[in-house]
2 protein chains.
Amino acid sequence: MEVNNIIDHLTQHGVKPSPQRLNIYKYLIEEKNHPTVDTIFKDLIGAMPTLSKTTVYNTLKLFIDKGVAKVINIENNETRYDADTSIHGHFKCEKCLKVFDINIDMSEIKTLDISGFLIKETHFYLKGICKKCRSD
Amino acid sequence: MEVNNIIDHLTQHGVKPSPQRLNIYKYLIEEKNHPTVDTIFKDLIGAMPTLSKTTVYNTLKLFIDKGVAKVINIENNETRYDADTSIHGHFKCEKCLKVFDINIDMSEIKTLDISGFLIKETHFYLKGICKKCRSD
DNA sequence: ATTAATTTTGCAACAATTACAATAATGTAA
DNA sequence: TTACATTATTGTAATTGTTGCAAAATTAAT
Ligand SMILES: [Mn+2]
Ligand SMILES: [Mn+2]
Ligand SMILES: [Zn+2]
Ligand SMILES: [Zn+2]
């Protein structure tokens, strides 16, 4: 995606695109690596030497609030973030520690024993060993 | 479930049933409340005044290792535990904060874009507002 | 009864996150 | 432009959930 599109996307969701916000958002959509705050910070501090970890926290919180990112909770003590806000699942490999996207069809699942419940978020993830790590 | 059955169940899974372990396990299967360490500790300290929070952590870790309990990660910074080790999902109400069980049929989901992957754990949860809280 | 092995406990250390106030940057109106 | 108000960023301290570790207590074996 081009920078102008990114700026538009953020702006349309009520996120003023400061340099830090722009870079963090670009990082999320380009890397698609479901990073932690620490990963983002370490990967961006080179290009933005004054970046503060607090800013990363603040920015991600803002992204979540405005709906341009969402949280992925797979391990506790390891909050990850995803700029893909569509409903999809994840697979975390316990060897290489990578997090892969999984397409899921939630159509029927939603209507089991929770009729009358208001669903706001759907989360699905698997843990195991990825194809590559199995063959190593 | 009777205490003798509980003892057998723990023993068969390689967990020596000390008083602390027995009480914590009984708590899990009786309350079915998907508690945090803190909740367990606060609810049991009355009956076991010498109980240590470290013991709760140790015990739950042992339960997980031996397969008589599993971790539920819905919020980060809020690790919950479940003695129901079958594959099932959860719904967390953001008003009353209760966690409900959901039956799920994973049959098809497992075979989408992760062929060749070894699946060890399946996690599914929803967040929203429960029926009761909606009508209040 | 001694000794060895296991379990529990208390406290210190740690790491992720949040609170908060100071600084910097940006926007707005004379 | 200058002056002022608003917003964003930063650094540090505080908080919280968790783990490490060694001493004390309990249980098992000899
Ligand atoms: Mn994703
Ligand atoms: Mn459950
Ligand atoms: Zn892997
Ligand atoms: Zn509720």
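Throughout, a chain's letter reflects where its sequence line sits, starting with A, and its residues are numbered from 1.
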Between P of C:dT7 and CG of B:Leu60, the distance in whole Å: 15 Å

Electrostatic pair B:Glu94-B:Lys127, nearest N-O below 4.0 angstrom: no

Atom-to-atom span, CG of B:Asn23 to C1' of C:dT7 - whole angstrom: 15 Å

Side chain to side chain donor-acceptor pair (under 3.5 Å): pairs with one or both residues in residues 53-72 of chain B, sequence neighbours excluded: B:Asp38-B:Lys53

Spacing between A:Ile64 atom CD1 and C:dT18 atom C1', to the nearest angstrom: 16 Å

Separation of A:Leu44 CG from A:Tyr27 OH (nearest 0.5 Å): 6.5 Å

Separation of atom CG in B:Leu10 from atom C1' in C:dT7, rounded to whole Å: 15 Å

Main-chain N/O of A:Lys16 paired with A:Arg21 side-chain donor or acceptor, under 3.5 Å: yes

Those residues of residues 44-51 of chain A lying under 4.0 Å from DNA chain D by at least one heavy atom: A:Thr50, A:Leu51

Note: B:Lys92-A:Glu121 ion pair, threshold 4.0 Å (strictly below): no

B:His123 and B:Asn73 side chains, donor-acceptor separation under 3.5 Å: no

Annotated protein contacts, base or backbone, on nucleotides 15-20 of chain D with a non-hydrogen cut-off under 4.0 Å, one of B, S, - each: --SBBB

Under 4.0 Å protein heavy-atom contacts per nucleotide of nucleotides 22-30 of chain D, with B for base, S for backbone only and - for none: ---------

Nucleotide D:dT7, atom P - distance to CD of A:Gln20 in whole Å: 17 Å

CG-NZ distance between B:Asn23 and B:Lys26, expressed to the nearest 0.5 angstrom: 5.5 Å

Heavy-atom donor-acceptor pair, A:Lys32 side chain to A:Ile29 backbone, under 3.5 Å: yes

Interatomic distance where CG belongs to B:Asn73 and P belongs to C:dA16 [whole Å]: 15 Å

Listed partners of A:Phe63 passing ring-ring contact (aromatic ring centres under 6.0 Å, His included), at least two apart: A:Tyr25

Listed partners of B:Lys98 passing side chain to side chain contact (heavy atoms under 4.5 Å, CB included), at least two apart: B:Cys96, B:Phe100

Ring geometry between A:His88 and A:His34 (parallel below 30°, tilted from 30 to 60°, perpendicular above 60°): tilted

Any B:Ser18 side-chain nitrogen or oxygen under 4.0 Å from OP1 or OP2 of C:dT8: yes

Any A:Ser52 side-chain N or O less than 4.0 Å from OP1/OP2 of D:dT9: no

Whole angstrom value for the distance that separates C1' of D:dT9 from CZ of A:Arg21: 9 Å

